[in-house]
Amino acid sequence: EKGAWSEPVEIARGHNWFVNWADFPGMVVYDKGQKMAAYWLAKTASGTYDYDVNIAQSSDGGKTWSAPFVPHKDEVDAEHGFVSMLPIDSKQVFAVWLDGRHTKSGSHDKHDHEGGHNHHGGAMTLRTANFDDKGNVSNDVELDNRVCDCCQTGAAMGADGPLVVYRDRLEGEIRDISIVRKVGNTWTKPTLVHQDNWEMKACPVNGPVIEAAGDQVAVAWYTMSEEEPKVLLATSSDNGVSFEKPIRIDDGEPIGRVDVVLTGGYTYVSWIEKDAIWLAKVKSGKILEKVMVDKTSSSRKSGFPIMKYLENHLYFVWTRLDGETTRLKTVVLGL
């Protein structure tokens with residue numbers, strides 16, 4: 001407010017949280033800034049990856065917060081995370097997440113969020129539901145029955161309804177980016193944003209991002225197809241039904257961790273490369289400018305930089321490392 005950050009307000013606390021560098025809390029603001037919904041992950045059992053999504057809400061601009069609720073109703077001690085949320089109207093929020101309820105149908109190998117997961121049970125799935133400002137959950141739907149285990153999801157409000165992008169897990173362990181769209185009351189079948197043909201027998205922990213403005217849609221992601229790391233951007237002018245051939249954004253040595261903003265006819269893509277956060281400005285399939293936002297670390301502790309647009313400014317926030325100490329850093333760029 002007035003160029004300064006307010007004092008922090010506690011949303012929730014707990015001793016049983018699942019805290020992870022790649023699957024971190026987030027929030028949405030709706031109803032003219034009066035309502036907020038925040039999520040985090042809480043352990044449910046002794047297994048390393050047995051945790052639920054918890055959501056708390058505020059109706060007074062963040063001053064006070066409700067007790068948490070769980071948007072998935074399977075009550076299975078399994079992995080649930082990598083959430084994306086969007087306001088639908090003044091009373092409802094859309095949520096999508098990775099849901100591991102079927103992974104416990106058999107024995108369960110140990111896994112980590114760097115090398116990926118190996119399941120003898122069923123596959124990780126992609127699910128969605130809506131919830132209202134009282135925490136009532138509706139429209140619980142499975143969108144894809146076999147997806148990559150630990151890459152972030154992305155969501156944007158398209159011309160006809162929510163659009164969701166995620167890293168799929170196709171036959172032959174192909175880890176390419178798919179999109180599902182809600183048209184009216186019906187979800188489409190998953191389709192590829194682009195056929196990268198990245199074969200990988202584990203999860204790369206590097207999810208896609210999406211932004212939409214009317215029928216214009218932009219999706220950015222990281223891939224290592226043909227054993228070469230790349231950050232790609234694909235755009236659509238028909239609400240995500242089809243995409244132009246992607247353009248390459250990076251300079252040859254990216255580690256991914258991308259974000260995207262679509263505004264004023266331009267697309268802005270951020271990513272990490274050579275221990276720095278970079279920003280590219282794109283229009284009509286051409287890169288107009290690249291700038292280094294700031295230095296950072298390529299380690300896990302630096303996390304995933306977040307980029308948001310507000311009133312002709314791009315806001316960046318990320319985890320800054322000072323030795324073993326971490327803190328949040330922000331940078332604001334005028335457009």
Side-chain angles (χ1 to χ4, degrees), residues 9-18 23-45 49-104 124-145 147 152-166 179-188 190 210 212:
V9 174
E10 183 176 290
I11 295 172
R13 67 167 60 203
H15 299 288
N16 65 331
W17 289 9
F18 178 79
D23 197 356
F24 43 85
M27 68 181 298
V28 293
V29 180
Y30 62 113
D31 195 15
K32 299 178 181 178
Q34 281 302 107
K35 295 177 182 176
M36 302 177 181
Y39 66 85
W40 66 95
L41 308 173
K43 298 276 297 202
T44 59
Y49 294 94
D50 294 340
Y51 53 84
D52 284 349
V53 177
N54 279 220
I55 299 175
Q57 299 196 87
S58 173
S59 59
D60 57 10
K63 296 184 181 71
T64 60
W65 291 82
S66 69
F69 69 93
V70 175
H72 43 89
K73 304 304 180 183
D74 52 291
E75 298 184 353
V76 175
D77 292 328
E79 180 178 344
H80 306 80
F82 295 102
V83 182
S84 293
M85 297 193 302
L86 296 170
I88 297 175
D89 52 36
S90 64
K91 292 186 177 181
Q92 284 201 101
V93 174
F94 162 85
V96 63
W97 64 90
L98 299 189
D99 193 298
R101 65 184 66 184
H102 300 317
T103 64
K104 290 303 184 79
M124 184 66 71
T125 65
L126 182 73
R127 295 192 73 91
T128 179
N130 296 345
F131 60 88
D132 66 15
D133 52 6
K134 306 298 183 189
N136 300 307
V137 178
S138 61
N139 297 344
D140 186 339
V141 177
E142 182 181 276
L143 301 179
D144 194 321
N145 64 7
V147 303
Q152 295 86 359
T153 59
M157 192 60 69
D160 298 320
L163 311 172
V164 176
V165 290
Y166 58 98
I179 184 170
V180 288
R181 302 175 297 111
K182 193 172 187 181
V183 182
N185 293 318
T186 303
W187 284 97
T188 64
I210 183 171

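Side chains are part of it too, since the values below use all heavy atoms of this structure and drop only hydrogens, waters and symmetry mates.
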Minimal heavy-atom distance between His72 and Val53, with the atoms involved, is NE2-N, 3.1 Å
Considering all heavy atoms of both residues, which atom of Gly81 and which atom of Leu41 are nearest to each other, and what is their separation? CA-CD2, 3.9 Å
I'd like to know if Asp140 and Arg127 make a salt bridge, using a cut-off of under 4.0 Å between side-chain N and carboxylate O. yes
Which atom names give the shortest non-hydrogen contact between Ala212 and Ala156, and what distance separates them? N-CB, 3.8 Å
NZ/NE/NH1/NH2 to OD/OE distance under 4.0 Å, Lys43 and Asp52: no
Minimum side-chain heavy-atom gap Leu98-Val147 below 4.5 Å: yes
Taking atom types as modelled and ignoring hydrogens, do the side chains of Thr44 and Asp77 form a donor-acceptor contact shorter than 3.5 angstrom? yes
Verdict with supporting geometry, Tyr49 and Phe18, ring pair (Phe, Tyr, Trp, His ring centres under 6.0 Å): CA-CA 8 Å; Tyr49 294 94; Phe18 178 79; 5.6 Å; yes
All heavy atoms of Ala155 vs all of Phe94, minimum pair found to be CB-CE2, 4.1 Å
Whether the Asn145 and His102 side chains hold a donor-acceptor pair (N or O, under 3.5 Å, no angle test) is what I'd like checked. no
Restricting to non-hydrogen atoms, name the atom on Ile210 and the atom on Gly154 that form the minimum distance, rounded to 0.1 Å. CG2-C, 3.6 Å
Between Asp132 and Lys134, does any NZ, NE, NH1 or NH2 come within less than 4.0 Å of an OD or OE carboxylate oxygen? no
Is there any side-chain hydrogen bond (donor to acceptor under 3.5 Å, both in side chains) pair reaching into residues 83-92, and which pairs are they, with sequence neighbours excluded? Ser84-Thr153
Do Asn54 and Tyr39 get their side chains close enough for a donor-acceptor pair, meaning under 3.5 Å? no
Closest non-hydrogen contact found for Tyr30 with Gln57 is OH-OE1, 2.9 Å
So Thr128 and Trp187, do their side chains get closer than 4.5 Å, heavy atoms only? yes
